[in-house]
Amino acid sequence: MTDLTRLTAAEIAGLVAAGETSAVEVTQAHLDRIAAVDERVHAFLHVDSEGALAAARGVDERRAAGEDLGPLAGVPVAVKDVLTTKGVPTTVGSKILEGWRPPYDSTIVERLRAAGTVMLGKTNMDEFAMGSSTEYSAYGPTRNPWDLDRIPGGSGGGSAAALAAYEAPLSIGSDTGGSIRQPGAVTGTVGAKPTYGGTSRYGLVAFSSSLDTPGPCARNVLDAALLHQAIGGHDPRDSTSIPAPVPDVVGAAKLGASGDLTGVKLGVVTEFTGEGAEPGVMAAFRESVEALAKLGAEIVEVSCPHFQYALPAYYLIAPSECSSNLARFDGVRFGLRVGDDGNRSLEEVMSLTREAGFGPEVKRRIMVGTYALSSGYYDAYYGQAQKVRTLITRDFTAAFERVDALISPTTPFVAFPIGSRTADPYQMYLADLFTIPTNLYGGPAISVPCGLSEGLPVGFQIMAPTMADDRMYRVAAALESTVGTFTPPAL
Ligand code: GLN
């Protein structure tokens, strides 16, 4: 009998549409898998078995009634706990929102439901999406299915681990500085950060509003494109949403799968090819570049001189925005409230709530951001970082006059052991060295598995111009057609 948890999303939808299996059977198979392995992996913070089975029954009924179901109907999906889900706990990996059940669905979740996908539950993440390993979750770390003693990346480690552990065929992440792509890279899965504004932030708990971008995660490129298509596009409830249709990402993934890249010009980022990266990662990257050349792509080197300042600029801009966004967690409106005994002032209750509810990394960022925005320091820090952001955008614009897309490894290193980087925040920040420039620019980028180093997955990053998300899917699918997909050792 086919193991339904091993199928691609496209295969599952095909079987459901043909009546060869039911959405309920598929959902039950994934719930069983979660029950069998998630105690070890801890990808999920909340499993909504009842809600999932009810949604699956709805899909089966619609099929029985002869309705046209769409390309992802009946496919289970896991959702990062940063997105609001009506009546279903949403914690953002933080104690400050423990027990909060939002009164509304985020746009992404609404679209997932409309597409007939079945939401299995909410996945673990670094608190408020701040981190690169999921070790900063207030609810304990997620483990990498390739090696349970290693991190699954972050902040969306739960969404990536759920795919690699075959607990879900699709998942949703959010990418502010790399949190979709970096977990994808270290778990051997595909993660795509859409163009900023190409996917709605309505109902996405804000970290850094000018950077936050929800997006698709999957085990292969076509599935990621199908999910991207389902969740993307204009949303009038998000003022930064782009009023344009989603580029034809599904068509591009199918085109790329033919393995022909004739006429496509790719730029290797000079600044991202050595220092700070593990030799095994660079070796897998170079082999993949050769593979792309064999498929007909023209490869050139492109210098992006300001990319080296992306990390410091990001670590001023993101904390600045977070210090403002997180002011709403005051113990009055949502979740946790500490010390409200009738004798304390409002300020004391707020202060006790924030002291108990936020973890160390979140506090660090609020303090850095408050400092960078304070009068007297604003121009020296925040203002300067914004200027660097402009220079990085100009690097991208100049590069895309010469090439169709830029390429690099996704991360400088493979999955590291749990506990090995938490002592020094800077070591953790380095995980996003290659992913952050894209967020500052606002364009799309995808990570696709390209090989192994020391038995662990290596990710290949493709960065495209804004609103040319289709281009990165074409190149990613072409690479996948020659290197294949990667399966972790059995759990
Ligand atoms: N690791 C980066 C950070 O800690 C990026 C996080 C993200 O993309 N959400 O901010």
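Counting convention: from 1, in listed order, for ligands and their atoms alike. What you see is a predicted model; the values in this text were computed from it and never measured.
- Look at E127 and R365 and you find no salt bridge, because none of the NZ, NE, NH1 or NH2 atoms lies under 4.0 Å from a carboxylate O.
- With salt bridges taken as basic N to acidic carboxylate O contacts below 4.0 Å, one links K122 and D81.
- Counting only heavy atoms of the protein, atom 7 (C) of ligand 1 lies nearest to S179 OG, 2.4 Å.
- Annotation: cation-pi geometry satisfied between R237 and Y202 (NZ/CZ under 6.0 angstrom from ring centroid, within 45° of ring axis).
- Note on D238 versus R201: salt bridge recorded, some NZ/NE/NH1/NH2 to OD/OE distance being below 4.0 Å.
- With respect to D424 and R421, no salt bridge is recorded, no charged nitrogen being found less than 4.0 Å from a carboxylate O.
- Using a 4.0 Å cut-off to heavy atoms of S132, the atoms of ligand 1 that qualify are 1 (N).
- Any N or O atom pair closer than 3.5 Å counts here, and G177 shares at least one such pair with ligand 1.
- Polar contact with ligand 1: absent for D175 (N/O pair, distance under 3.5 Å).
- Contact atoms of ligand 1 toward A129: 6 (C), 7 (C), 9 (N) (distance under 4.0 Å to a heavy atom of the residue).
- The backbone and the side chain of T176 each have at least one atom closer than 4.0 Å to an atom of ligand 1 (non-hydrogen atoms only).
- Between Y139 and H42, the ring center distance fails the sub-6.0 Å criterion.
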Full working for side chain to side chain contact (heavy atoms under 4.5 Å, CB included) between R181 and V186: CA-CA 9 Å; R181 289 162 285 161; V186 301; over 6 Å; no
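- Nearest-residue assignment for atom 5 (C) of ligand 1 (options Y315, Y314, Y429; heavy-atom criterion): Y314.
- Residue contact annotation: M428 has no non-hydrogen atom under 4.0 Å from ligand 1.
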Side chain to side chain contact (heavy atoms under 4.5 Å, CB included) between T485 and E480, worked out: CA-CA 7 Å; T485 53; E480 184 183 72; 3.8 Å; yes
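- Between M130 and ligand 1, a contact under 3.5 Å exists for no N or O pair.
- In this structure, atom 2 (C) of ligand 1 lies nearest to the protein heavy atom D432 OD2, 3.1 Å.
- Selection from R365, E361, K80 by nearest heavy atom to atom 4 (O) of ligand 1 gives R365.
- Atoms of ligand 1 lying under 4.0 Å from any heavy atom of S155, numbered from 1 in the order shown and given with element: 9 (N).
- Look at K363 and E355 and you find a salt bridge, because one of the NZ, NE, NH1 or NH2 atoms lies within 4.0 Å of a carboxylate O, short of that distance.
- The shortest N/O to N/O separation between G131 and ligand 1 falls below 3.5 Å.
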